[in-house]
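Residue numbers start from 1 in every chain, and the chains themselves are labelled A, B, ... in the order their sequence lines are given, proteins ahead of strands. Because the structure is predicted, anything quoted here is derived from the model rather than measured.
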2 protein chains.
Amino acid sequence: MPSKPPRPDLAALLTPLLRALVAAELPVLAAHDLTMWGYVVLSALDRSSMRTQAALAEAIGADKTRIIRTLDDLQERGFIERHPDPDDRRVRLLAITAAGRAVKDAAQAEIQRGEEHRLAALSAEERRVFLRVLMQLTHGETGGG
Amino acid sequence: MPSKPPRPDLAALLTPLLRALVAAELPVLAAHDLTMWGYVVLSALDRSSMRTQAALAEAIGADKTRIIRTLDDLQERGFIERHPDPDDRRVRLLAITAAGRAVKDAAQAEIQRGEEHRLAALSAEERRVFLRVLMQLTHGETGGG
DNA sequence: TATTGTTATACTCTATAACTATA
DNA sequence: TATAGTTATAGAGTATAACAATA
């Protein structure tokens with residue numbers, strides 16, 4: 001007879017946790033008038049400016065056609081700048097603005113406060129190992145802002 | 001000026017990892033002629049039989065209307081049994097069959113072999129803490145097979 | 001001709017509502 | 001009348017394909 005696996009599948013463990021984390025994020029983002037994609041874009045551009053929209057899309061694991069409305073909206077509200085590159089007028093240079101960084105930082109602070117509530121159940125050692133391993137396993141995977 | 005957060009958001013860490021895990025699972029499931037929902041249903045019924053389809057749907061975080069086609073398919077292939085309850089002929093008693101367990105175990109073994117490849121980068125201590133914390137954080141969240 | 005960004009279209013997935021049968 | 005399951009419809013989200021501008 002086949003032996004029972006000693007642990008659940010990783011995806012089966014991660015799915016409900018991620019679902020709960022996203023559900024907790026959405027009201028916070030809504031309070032800051034941000035969509036999840038808007039927040040992901042701001043977070044990515046806060047890490048680094050981008051030379052093309054396609055590069056940004058790939059960096060966050062999205063389709064290039066999918067983020068256009070998001071970029072339009074963020075630009076209209078002054079959260080990002082989108083300038084044609086003088087050297088190649090096909091491409092759009094993307095950067096976050098001070099206002100964009102402010103709204104992103106405010107939302108993120110509130111999100112992480114909620115996360116800290118969950119992590120409070122862990123010991124300092126558990127927390128340290130968990131976050132380190134998570135970053136290690138995630139590192140190298142594509143996309144995901 | 002606002003201070004930078006000392007860590008990424010948890011959802012931002014989990015998303016690319018889960019995406020990669022699912023992407024790795026799909027070809028394995030396809031090779032066993034299973035959809036992700038089919039696999040999730042078999043895994044749930046392997047843990048415990050269910051008295052109603054609604055209960056199963058809630059257990060895996062799905063809509064009750066969403067799993068009907070999946071149940072039809074699994075039943076046709078002899079992977080689950082679905083009997084009207086004699087005490088209340090509205091409800092369907094759900095249970096996995098030996099054949100269903102076999103295909104689920106085979107797919108799961110292959111999936112976890114792939115996962116072990118990822119986890120191989122961890123020390124025994126890291127692995128132990130990571131999995132324990134993951135189960136602890138996931139525990140209490142609803143759904144997710 | 002190849003590439004960036006954009007728009008238009010089609011498709012998949014999911015949720016909502018309406019229906020049948022039991023109770 | 002209320003509930004389990006089912007079916008039908010509609011909506012959201014996403015991907016595919018076609019297009020305009022630039023190189």
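Take the nearest nucleotide of DNA chain C for A:Ala55 and for B:Ala62: the residue whose nucleotide is more 5' is A:Ala55. Where B:Thr52 and A:Asp87 meet DNA chain D, the nucleotide closest to each residue was compared, and B:Thr52 sits on the side nearer the 5' end.
Judged as a salt bridge (charged side-chain N to carboxylate O under 4.0 Å, His left out), and not counting sequence neighbours, B:Arg92 has no contacts. Looking at residues two or more places apart in sequence or on another chain, you find no side chain to side chain contact (heavy atoms under 4.5 Å, CB included) involving B:Arg89. The side chain to side chain contact (heavy atoms under 4.5 Å, CB included) search around B:Ala23 returns none, not counting sequence neighbours. Under the salt bridge (charged side-chain N to carboxylate O under 4.0 Å, His left out) criterion, B:Arg69 pairs with no residue at all, not counting sequence neighbours. Residues satisfying the side chain to side chain contact (heavy atoms under 4.5 Å, CB included) test with B:Arg90, not counting sequence neighbours, are B:Asp88. Partners of B:Glu110 under the salt bridge (charged side-chain N to carboxylate O under 4.0 Å, His left out) rule, at least two apart in sequence or in another chain, do not exist in this structure. In this view, A:Ala57 and A:Lys64, A:Ile67 satisfy the side chain to side chain contact (heavy atoms under 4.5 Å, CB included) rule, not counting sequence neighbours.
Sequence neighbours left out, the pairs with a member in residues 75-85 of chain A that pass salt bridge (charged side-chain N to carboxylate O under 4.0 Å, His left out) are A:Arg51-A:Asp85, A:Asp72-A:Arg82, A:Asp73-A:Arg77.
In this structure, B:Met50 and B:Glu58 have side chains that are not in contact, with every pair of non-hydrogen atoms separated by 4.5 Å or more.
As a whole-Å value, the separation of A:Leu71 CG from C:dT6 P is 7 Å. Remark: C1' of C:dT22 and CZ of B:Arg51 are 13 Å apart, rounded to the nearest angstrom.
Using a distance-only test at 3.5 Å, with no hydrogens or angles considered, a donor-acceptor pair links the side chain of A:Gln112 to the main chain of B:Arg7. Side-chain N or O atoms of A:Gln108 include none that pairs as donor or acceptor with a backbone N or O of A:Ser43 at under 3.5 Å.
B:Arg118 and B:Glu115 are not joined by a salt bridge, as no carboxylate oxygen comes within less than 4.0 angstrom of a charged side-chain nitrogen. Ion pairing of B:Arg113 with B:Glu116 is absent here, as no side-chain N (NZ or NE/NH1/NH2) approaches a carboxylate O to less than 4.0 Å.
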Do any N or O atoms of the protein come closer than 3.5 Å to N or O atoms of nucleotides 18-21 of chain C, and which pairs are they?
none

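Residues from residues 75-86 of chain A with heavy atoms under 4.0 angstrom of DNA chain C, sorted by number: A:Arg82.
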Legend entry - Under 4.0 Å protein heavy-atom contact, by nucleotide of nucleotides 9-14 of chain C - B base, S sugar-phosphate only: -----S
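For DNA chain D, the span of nucleotides reached by chain A at under 4.0 Å from its heavy atoms goes, 5' to 3', from D:dT14 to D:dA23.
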